[in-house]
Amino acid sequence: MIKTLTNLFKQDKEKFVVPKGVQDVIPIKAIYDDGIFQVGKDKFSKSFKFTDINYAVASREDKEAMFLEYSELLNSFDSGATTKITINNRRLNRLDFEKTILLPLKGDELDVYREEYNKMLLEKATGANAIVQDKYITISINKKNIEEARNYFARVGADLIAHFGRLGSKCTELETDERLRVFHDFYRVGEESSFHFDIKDTRKKGHDFKDYICPDSMEFESDYFKIGNRYGRVLFLREYASYIKDSMVAELTDLNRNLMMSIDVVPIPTDEAVREAESRLLQLFCYRSLRYGAAEKRNERVSR
């Protein structure tokens, strides 16, 4: 196996502790004011939210330029970090939608048109089972302490925002309450509008932040899990074809259901990747040579 992957697997290995409550199942050790989460003994993560780009309707030349820029984005990640691209289909939070999108009424003769416009927006937003799609990219790194993690994410975050900007997408850092809202909306479907979290007030009261996002109960079986009154299942691609259409991700995420699709990106140093490719090509060449030699011997025996 590639050395980088072996090291990552070793870093992710931690002693398993049987959870005593629902809060213990959530894999977050600590949270910080700047949106950094500690998700392991020495592992820290930070999430960024980015907007969609008009790739599907772009011309062939623009698609090639976007693809090359996306390749540069993936190649900019450090080999010691892991990156997860997440597409989250979630139910629309009507209260937030009304605060941020709808036009406020002014008490004049134009309120009739504002109400009609707001009604049209609500109908459009709730037409597809009130499902909206968010896109996140989460970077995880092993560091000795939070200060080293802050310095790393400050550098990587600036590069990430610049790369997405060249793609025509807006990338922003997620604050602590925004990241916790993602967990809350996943664990508590139907209660999206009830989320409220103030990290300073929580510290004063001595509360655990997991109490604000955890579900009432969690059960895990061999092939499914149960969160509250809902059942779920995780699917992953074990094998796939050597050629995949660029519309595959869009087709998977077009379902009008609550779902999360994640793509893990593990950067490999160039020298290790080249050695691995050469090794596999050599194995394939030796295998074909052996088959060719065996076929020649069979033909020779038949001719005799």
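Note: hydrogens, waters and symmetry copies are ignored here, and every other heavy atom, side chains too, is used.
Within the 4.5 Å cutoff, no side-chain heavy atoms of V182 are placed close to those of F186.
Distance check, rounded to the nearest 0.5 Å: CZ of F50 to CG of L167 gives 9.5 Å. The distance from the CD1 atom of I146 to the CD1 atom of I36 is 4.0 Å, given to the nearest 0.5 Å.
Remark: side-chain polar atoms of T82 are not paired, donor with acceptor, to backbone N or O of V266 under 3.5 angstrom. The main-chain N or O of F209 is never found under 3.5 Å from a side-chain atom of T202 such that the two would form a donor-acceptor pair. Judged by distance alone, with hydrogens and angles left aside, the side-chain atoms of E69 form no donor-acceptor pair with the main-chain N or O of S71 at under 3.5 Å. Here the side chain of D177 pairs no donor or acceptor atom with the backbone of I199 at under 3.5 angstrom. Side chain of D159 to backbone of V156: no donor-acceptor contact under 3.5 angstrom is found. When atom types are taken as modelled, the side chain of K210 and the backbone of I26 share a donor-acceptor pair closer than 3.5 angstrom. Within the 3.5 Å criterion, the main-chain N or O of L103 finds a donor-acceptor partner in the side chain of N118. A donor-acceptor pair is defined here as one N or O able to donate and one able to accept, closer than 3.5 Å; no such pair exists between the side chain of E64 and the backbone of E61. No side-chain donor-acceptor contact under 3.5 Å links E72 to the backbone of H163.
Within 6.0 Å of OH in Y113 there are 12 or fewer heavy atoms belonging to other residues, nucleotides or ligands. Counting non-hydrogen atoms of other residues, nucleotides and ligands closer than 6.0 Å to CZ of F183 gives a total of 12 or fewer. Atom CG of D208 sits in a crowded spot, with more than 12 heavy atoms from other residues, nucleotides or ligands closer than 6.0 Å. Within a 6.0 Å radius of CZ in F225, more than 12 heavy atoms belonging to other residues, nucleotides or ligands are found.
The aromatic rings of Y212 and H207 are tilted relative to each other, their planes meeting at an angle between 30° and 60°.
In summary, E173 and K46 engage in a salt bridge, as defined by a charged side-chain N under 4.0 Å from a carboxylate O.
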Go through the steps for R114 and D108 under the test salt bridge (charged side-chain N to carboxylate O under 4.0 Å, His left out), then give the verdict. CA-CA 10 Å; R114 294 189 184 99; D108 53 19; 2.7 Å; yes

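No side-chain donor from either of N88 and Q133 sits under 3.5 Å from a side-chain acceptor of the other. Between the side chains of T138 and S45, no donor N or O sits under 3.5 Å from an acceptor N or O.
At least one test fails for R181 against the ring of F197: distance under 6.0 Å to the centre or angle within 45° of the axis.
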